[in-house]
Amino acid sequence: MKLIIGGAWQGKLDYALQIAHIETKDSEKVIEGATDPCEAALECTIIHNFHEYVRRLLKEEKDPDQLIREIVEHNPDVIITMNELGCGIVPEDPFDRQWRESAGRTAVKLAKHSGEVYRMVCGIPARIK
């Protein structure tokens, strides 16, 4: 597993496509956390915006840890991109605060299972694990 984290629009998907040797984000090998079903995460090459899966699961009152366990078991070579949500302003909305915390804890868990972790800033990857 490879995890690519960073702020919004910092080049995470472009870097994931590059290291996966995929030409376009429209490939069926790339799924989107905001729209694709969780089951798709078990068969794809790249999961983009994993923090959006966390948001959706929390809205459904489900535990994101279950999805992590399933990915580790069924798709251990996946590349995951995820926004860092904890570096900005603390949201006023209680749900958004819960999402922010859960996304941060999810990133920690994903990093533990990842052989490589990159942080993207201005399109430049820095390997941190």
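These numbers come from the heavy atoms of this one structure, side chains and all, not from hydrogens, waters or symmetry mates.
- There is a path of hydrophobic side-chain contacts, each under 4.5 Å, that joins Ile19 to Val30.
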Asp77/Lys2 under salt bridge (charged side-chain N to carboxylate O under 4.0 Å, His left out): CA gap, chis, key distance, verdict:
CA-CA 7 Å; Asp77 296 325; Lys2 294 180 177 106; over 6 Å; no

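- The shortest heavy-atom contact between His51 and Ala103 is CB-CB, 4.4 Å.
- More than 12 heavy-atom neighbours from other residues, nucleotides or ligands sit within 6.0 angstrom of NZ on Lys109.
- Residues Leu3 and Tyr118 do not share a hydrophobic cluster, clusters being chains of Ile/Leu/Val/Met/Phe/Trp/Tyr side chains in contact below 4.5 Å.
- Heavy atoms from other residues, nucleotides or ligands lying under 6.0 Å from CD of Glu60 number more than 12.
- Cluster membership check: Val117 does not share its hydrophobic cluster with Val121, using side-chain heavy-atom separations under 4.5 Å among Ile, Leu, Val, Met, Phe, Trp and Tyr.
- Nearest heavy atoms, Ile68 versus His113: CG2-CD2, 4.3 Å.
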Would Gln10 and Arg119 satisfy side chain to side chain contact (heavy atoms under 4.5 Å, CB included), going step by step from the backbone distance to the final call?
CA-CA 9 Å; Gln10 294 296 307; Arg119 183 161 193 268; over 6 Å; no

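- The number of heavy atoms from other shown groups lying within 6.0 Å of NZ (Lys129) is above 12.
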Sequence neighbours excluded and cut-off under 3.5 Å, please list the side-chain donor-acceptor pairs for residues 35-43, or say none.
{"from": "Asp36", "atom 1": "OD2", "to": "Glu32", "atom 2": "N", "distance (Å)": "2.6"}

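- Taking OH from Tyr15 and CD1 from Ile124, the interatomic distance works out to 12.0 Å, rounded to the nearest 0.5 Å.
- Ile4 and Ile47 are members of different hydrophobic clusters when ILVMFWY side chains are connected at heavy-atom separations under 4.5 Å.
- For the atom pair CD1 of Ile46 and NZ of Lys12, the computed distance is 13.0 Å after rounding to the nearest 0.5 Å.
- Distance check: Thr106 OG1 to Leu58 CG gives 7.5 Å after rounding to the nearest 0.5 Å.
- Of the inter-residue distances, the one linking Leu17 atom CG with Ile22 atom CD1 reads 6.0 Å to the nearest 0.5 angstrom.
- Met120 and Met1 are not part of a single hydrophobic cluster, where members link through side-chain heavy atoms under 4.5 Å apart.
- One finds the CD1 atom of Ile79 at 14.5 Å from the CZ atom of Phe50 (value rounded to the nearest 0.5 Å).
- Look at Asp65 and Arg105 and you find no salt bridge, because none of the NZ, NE, NH1 or NH2 atoms lies under 4.0 Å from a carboxylate O.
- We find the OG-CG distance between Ser102 and Leu57 to be 8.5 Å, quoted to the nearest 0.5 Å.
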